[in-house]
Amino acid sequence: MKSSIAQLVEQAINSLPDLAEAPEVSSISTTVERTRDARHGDFMTNIAMRFAKSLGRNPREIAAAIIDKLPESELIDKVGIAGPGFINFHVSSKALHHALASVLQQGKCYGHQEIRPEPRILLEFVSANPTGPLHVGHGRHAAYGATVGNLLEAAGFKVDREYYVNDAGRQMDILGVSIWLRLLEQSGVTISFPEAGYKGDYIQDIAASLDISGMPKLSADEISSGLPADAPEGDKEEYIDALIEKGHELLGIHHFQRIRRQSIDSILADIEDDLAGFGVTFDRWFFEQSLTDDNLIDNALTILKERNMLYEKDGATWFRATDYGDEKDRVVVRDNGKTTYFAADIAYHDDKRKRGYDHLLDILGSDHHGYQVRVRAGLEAMGYGGDNLEVELIQFVTLYRAGEKQSMSTRSGEFVTLRQLREEVGNDAARFFYVMRSNDQHLDFDLELAKSRSNDNPVYYIQYAHARVASVFRQLQDRSLQYDQAAGIANLALLEKIHEKSLMTTLTRFPEVIELAANNRAPQHLVHYLRDLANDFHTYYNAHTFIVDDDALRNARLALITATRAVIASGLAIIGVSAPDSM
RNA sequence: GCGCCCGUAGCUCAACUGGAUAGAGCACUGGCCUUCUAAGCCAGUUGUUGCAGGUUCGAGUCCUGCCGGGCGCGCCA
């Protein structure tokens, strides 16, 4: 509806040579927006004012000229000039009825755009290190990423979802050592557990489940001999690095790697299961280790070297990140010969582009904000456009229980894992609350509210609207009446109550909301919209009876609430929330 | 110290990328329940958009400087 009006305005402008052919305004595109205030009509455009600015003419005169040339359309009831030069449009009832009929005809597809082959988007999100179960912060990444993916698809983009698994590097060695030590403990060999090790209960569980066939038997003395002191007397990092060395030495690289691999696999399986249970799935799990195995890091560094983007200093290899706006140059190969995480990320993003993705959308924690400049610099140095990379940052989550801030520390014993949150408040409330706020705002997650089964809880309020429609149809059946949709569509003109117009208008906004939310990677727009829609429905429900004796009116009303149910279901599906028929 | 993000009603947050009189929910006040679900309903009140300038027809939104909060500033990932 919005784009149709924009087209009308453009046709009018094109028939006005002094506007259409003026070079000053060639870059000005026609934008039509919903009015904020219903008294101004349904849609408005500020095009006349923007033309006026560039041309130095009177905006109201330009507006009048545009209105004069506006093609006849049954979409529009009334057009007017207001204020400094706004053009306001009042949509006709007929247009609303057309829109409603198309909701019913399109069903699940309503509001979804045609698939466009380009650009292909690669959406990377969560990508939490496989060192333990996901916590509530990762939950926000999962819910946000999944919803943005759904929104982009609804907006017509081809999008693949990917999880980058940091299975290489020192953190994984620390994980391996932690599990190895617990394993020894369980067989009666006790070594003081490192301060820097992973201490969670899940480490014990994984240790107990490991396949250790063929591994050498070791004594505590063998392992402890020659180790430096752990914190607080010594340095905890030195201590754990020494333990890793020891593990390699005594167990042999092969067995140490076996423990490490099994540990990662076990944790990753748990993460995948948790996310799947949360309705979040990926097209691919990309392993950092594969970059090394397939020589992708070396290849990328070779290219950078050929382009003279690298130099040697202090025994390390540096990338000229400052040439691309970063605040300092970055190390890609350490003086010990190992490549950095950043080097891997250059190769990873290069690989994404090589796999045919035009637009790389990374969802990162807000603590990584400095990192995006570096990755973009890497991409540009590899010969890609900097705008191929888009980073969306997610702010932190704070849990509140009865107004009390919950400690996020692992020690507190309060739930901190995503799984615990899901079990306590349910997937629906969790998915909904996670995307209720703008991603660049801190999220205060109210546990009591998320669990409450009252209209204060926006999830229930919206789901209840859906269930209520189903309930009306059950009533209809109880009264042995049939819903005739064709008759309903034929009689939409009977829907002239203020609540009916309001509900129809809200339904016509759905495609615009999808587009807005997708373009801005902002699921909260959809959340707010669904609340508005549910509110319009409940208000209508309270004001009027749907199952009336008059067949024509009843079918028209049932058509309206059927469309409402479809849009609520469609919107909730994008957020990953169920649409129940009864509650 | 430098960089990025944030600051909107008593509370939690919107505001379609510069539009008209800044909106929702909660809370608060008054009225309402023989109804397709009271798991409520209807109506009302709520503002120096952190502060001070600037840009223009128009600024919560853009620019500058302060104040306050978060995060970052590794040869960690």
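Here is the naming used below: chain letters follow the sequence lines, and residue numbers restart at 1 for every chain. All values below were derived from every heavy atom in this structure, side-chain atoms included, with hydrogens, water molecules and symmetry-related copies excluded.
- Taking 90° from 0 as the syn/anti boundary, the base of B/U35 is oriented anti.
- Residue side chain A/His369 does not reach the base of B/C5 through any donor-acceptor N/O pair under 3.5 Å, judged by distance alone.
- Across the P atoms, B/C16 and B/U37 are found 39 Å apart, a figure rounded to whole Å.
- B/G58 is unpaired under the Watson-Crick or G-U wobble criterion, no partner having all donor-acceptor distances under 3.5 Å.
- Nucleotide B/G40 is matched to B/C32 when pairs are restricted to Watson-Crick or G-U wobble geometry with both distances under 3.5 angstrom.
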Might you list the N or O atoms of the protein lying below 3.5 Å from N or O atoms in nucleotides 12-15 of chain B, with each pair's distance?
residue: B/U12; atom: O3'; partner: A/Asp444; partner atom: OD2; Å: 3.4
residue: B/U12; atom: O2'; partner: A/Arg437; partner atom: NH2; Å: 3.0
residue: B/C13; atom: OP1; partner: A/His442; partner atom: O; Å: 3.2
residue: B/C13; atom: OP1; partner: A/Asp444; partner atom: OD2; Å: 3.4
residue: B/C13; atom: O2'; partner: A/Arg437; partner atom: NH1; Å: 2.7
residue: B/A14; atom: OP1; partner: A/Ser438; partner atom: N; Å: 2.9
residue: B/A15; atom: OP1; partner: A/His525; partner atom: NE2; Å: 3.3
residue: B/A15; atom: O2'; partner: A/Arg36; partner atom: NH2; Å: 3.1

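- Along RNA chain B, the nucleotide nearest A/Arg330 and the nucleotide nearest A/Tyr461 are compared for position; the residue whose nucleotide lies closer to the 5' end is A/Tyr461.
- If you check every strand for non-hydrogen atoms under 4.0 Å, A/Asn88 touches a base.
- Nucleic acid contact class of A/Tyr541 (heavy atoms, under 4.0 Å, all strands): base.
- Aromatic ring centroids of A/Tyr540 and A/Phe546 lie under 6.0 Å apart.
- Going from atom CG of A/Asn520 over to atom CD of A/Glu392 covers 9.0 Å, rounded to the nearest 0.5 Å.
- Residue A/Thr317 is classed as having no contact, given no heavy-atom separation below 4.0 Å to the nucleic acid.
- Using Watson-Crick or G-U wobble geometry with both donor-acceptor distances under 3.5 Å, B/U64 finds its partner in B/A52.
- Classification of the A/Tyr348-A/Phe286 ring pair by plane angle, with boundaries at 30° and 60°, yields tilted.
- Of the C1' atoms belonging to B/C76 and B/A9, the separation is 44 Å, rounded to the nearest Å.
- A distance below 6.0 Å separates the ring centres of A/Tyr434 and A/Phe445.
- Here A/Phe86 does not count as stacked on B/G19, because the ring centres are not under 5.5 angstrom apart with planes under 30°.
- Contact annotation for A/Arg170: no contact, since no heavy-atom pair falls under 4.0 Å across all strands.
- When the C1' atom is used for both B/U17 and B/G25, the distance is 25 Å, rounded to whole Å.
- For A/Asp367 against B/A77, no side-chain N or O and base N or O form a donor-acceptor pair under 3.5 Å.
- Between the base of B/G58 and the side chain of A/Lys53 there is a donor-acceptor pair shorter than 3.5 Å.
- Only the P atoms considered, B/C73 is 39 Å distant from B/G54, to the nearest whole Å.
- At a threshold of 4.0 angstrom between heavy atoms, the contacts of A/Leu516 are confined to the sugar-phosphate backbone, with no base atom among them.
- Donor-acceptor pairing under 3.5 Å is recorded for the side chains of A/Arg468 and A/His538.
- Using a 4.0 Å heavy-atom distance criterion, A/Ala82 is classed as a base contact.
- Comparing A/His538 and A/Ile547, the nucleotide of RNA chain B nearest to each residue sits closer to the 5' end for A/Ile547.
- A 3.5 Å limit on both hydrogen-bonding distances identifies no Watson-Crick or G-U partner for B/A9.
- The base-pairing partner of B/A14, taking Watson-Crick or G-U wobble contacts with both distances under 3.5 Å, does not exist among the strands shown.
- Contacts of A/Arg554 with the nucleic acid, taken as non-hydrogen atoms under 4.0 Å apart, are absent.
- Between the side chains of A/Ser578 and A/Asp428, a donor-acceptor pair is found at a separation under 3.5 Å.
- Distances shown here put every side-chain N or O of A/Lys2 at or beyond 4.0 Å from the OP1 or OP2 atom of B/C16.
- At the heavy-atom level, A/Glu515 lies nowhere under 4.0 Å from the strands shown.
- Residue contacts shown for A/Asp314 include a base, since a base heavy atom lies under 4.0 Å away.
- Taking only side-chain nitrogens and oxygens, A/Ser471 comes nearer than 4.0 Å to OP1 or OP2 of B/U37.
- A donor atom on one side chain and an acceptor atom on the other are found under 3.5 Å apart for A/Gln485 and A/Tyr483.
- If you check every strand for non-hydrogen atoms under 4.0 Å, A/Phe396 touches sugar and phosphate atoms only.
- By the 30° and 60° cut-offs, the orientation of the rings of A/His368 relative to A/Tyr371 is perpendicular.
- Nucleotides B/U64 and B/G23, compared at atom P, are 29 Å apart to the nearest Å.
- The aromatic ring centres of A/Tyr163 and A/Phe125 sit 6.0 Å or more apart.
- The interatomic distance linking A/Met44 (CE) with B/G18 (C1') rounds to 10 Å, in whole Å.
- Within the nucleic acid shown, A/Asn520 comes within 4.0 Å of at least one base atom, counting heavy atoms only.
- Across every strand in view, B/G3 sits in a pair with B/C71 that passes the Watson-Crick or G-U test at under 3.5 angstrom.
- For the pair A/Arg334 and B/C76, the criterion of a side-chain N or O lying under 4.0 Å from OP1 or OP2 is met.
- Remark: A/Arg320 fails to qualify as a cation-pi partner of A/Tyr311 under the 6.0 Å distance and 45° angle criteria applied to the six-membered ring.
- Rounded to whole Å, the separation between the P atoms of B/G7 and B/G18 comes to 16 Å.
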